[in-house]
Amino acid sequence: MKKTNPIRNLLGVSQEDMALILQVSRSQWAMYELGKRDLPTKAKLVLAEILHYVKTPEMFAKSLPQVEQQHVRKQQQLEHLLKENEYQQVLTSKKINFVERNMRLRLEHYKW
């Protein structure tokens with residue numbers, strides 16, 4: 001029978017994922033879960049920070065709308081920047097065409 005870890009259950013991740021997040025080996029994380037080893041200080045700090053923000057599944061669920069709103073705002077900002085970029089490209093293209101046309105006219109004028 002598998003013994004599940006409440007921290008991983010809370011986050012919904014595997015041992016491998018948890019180890020990757022904390023930048024430790026899977027075996028280090030497994031030993032920590034069993035209470036046989038301690039985690040490096042850096043990994044403990046990362047784990048504490050994660051647990052600070054995800055205390056219960058209910059809190060995580062409540063934060064999802066806020067995360068989605070931030071995602072929508074970021075996407076809108078990116079779309080605005082993309083449109084601005086396209087506009088600037090059109091302006092630059094027009095300026096280049098204007099300069100090229102003037103250069104051709106000047107060259108033709110000097111050829112005569």
Side-chain angles (χ1 to χ4, degrees):
M1 180 174 186
K2 278 188 176 179
K3 184 178 178 184
T4 57
N5 181 276
I7 295 173
R8 285 193 299 114
N9 284 344
L10 180 65
L11 299 174
V13 296
S14 66
Q15 278 189 341
E16 291 83 12
D17 292 337
M18 198 67 207
L20 184 64
I21 291 167
L22 299 177
Q23 297 180 350
V24 296
S25 69
R26 191 208 52 80
S27 62
Q28 279 181 297
W29 176 253
M31 296 295 270
Y32 174 75
E33 284 184 337
L34 295 172
K36 294 184 177 183
R37 295 273 191 257
D38 209 1
L39 290 174
T41 305
K42 186 176 177 182
K44 283 183 188 178
L45 292 172
V46 171
L47 182 58
E49 190 172 338
I50 291 169
L51 293 176
H52 173 74
Y53 288 104
V54 185
K55 294 180 183 170
T56 64
E58 294 81 26
M59 289 181 70
F60 183 69
K62 287 178 185 175
S63 70
L64 282 179
Q66 185 179 15
V67 170
E68 289 174 3
Q69 287 175 353
Q70 289 174 345
H71 177 71
V72 168
R73 278 195 303 270
K74 290 271 187 195
Q75 189 164 357
Q76 289 171 342
Q77 289 173 342
L78 288 173
E79 288 171 358
H80 174 73
L81 288 172
L82 183 60
K83 287 179 183 179
E84 177 65 25
N85 189 354
E86 290 172 356
Y87 174 72
Q88 293 297 328
Q89 285 178 341
V90 169
L91 283 181
T92 303
S93 178
K94 287 182 178 185
K95 289 177 182 178
I96 289 171
N97 289 336
F98 178 78
V99 168
E100 286 176 345
R101 194 180 100 231
N102 282 343
M103 291 300 293
R104 277 194 306 269
L105 290 174
R106 286 182 184 176
L107 286 173
E108 288 176 8
H109 178 72
Y110 287 116
K111 284 183 182 178
W112 293 102

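Everything numeric in this text was worked out from a predicted model, so none of it was measured. Side chains are part of it too, since the values below use all heavy atoms of this structure and drop only hydrogens, waters and symmetry mates.
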- Item | L82: side chain to side chain contact (heavy atoms under 4.5 Å, CB included) partners, not counting sequence neighbours | E86
- Non-hydrogen side-chain atoms of S27 and R37 separated by less than 4.5 Å: no
- Message: I'd like to know if the side chain of T92 and the backbone of Q88 have a donor-acceptor N/O pair within less than 3.5 Å.
- Response: yes
- If you measure from CG on N97 to CG on N102, what distance do you get to the nearest 0.5 Å? 11.0 Å
- Message: Could you check whether any side-chain heavy atom of R104 comes within less than 4.5 Å of a side-chain heavy atom of R101, counting everything from C-beta outward?
- Response: yes
- Hphob cluster co-occupancy, V24 + L51, side-chain heavy atoms under 4.5 angstrom: yes
- Task: Starting at CG of D17, measure out to CG of L22 and round the result to the nearest 0.5 Å.
- Result: 11.0 Å
- Item | M31 side, atom CE; L39 side, atom CG - distance, nearest 0.5 Å | 11.5 Å
- Atom CE in M103, atom CD in E108: separation rounded to 0.5 Å? 12.0 Å
- Task: Please identify each residue that fulfils side-chain hydrogen bond (donor to acceptor under 3.5 Å, both in side chains) with Q23, with sequence neighbours left out.
- Result: none
- Message: Using the side-chain hydrogen bond (donor to acceptor under 3.5 Å, both in side chains) criterion, which residues pair with K44? Sequence neighbours excluded.
- Response: D38
- Minimum heavy-atom separation for Q28 to P40, with atom names? NE2-CG, 4.0 Å
- Item | Check: M18 and L47 side chains under 4.5 Å, non-hydrogen atoms | yes
- Is there a side-chain contact between F98 and K94 (heavy atoms, below 4.5 Å)? no
- Query: Considering only heavy atoms from C-beta outward, does the side chain of Q77 approach that of K74 to under 4.5 Å?
  - Reply: yes
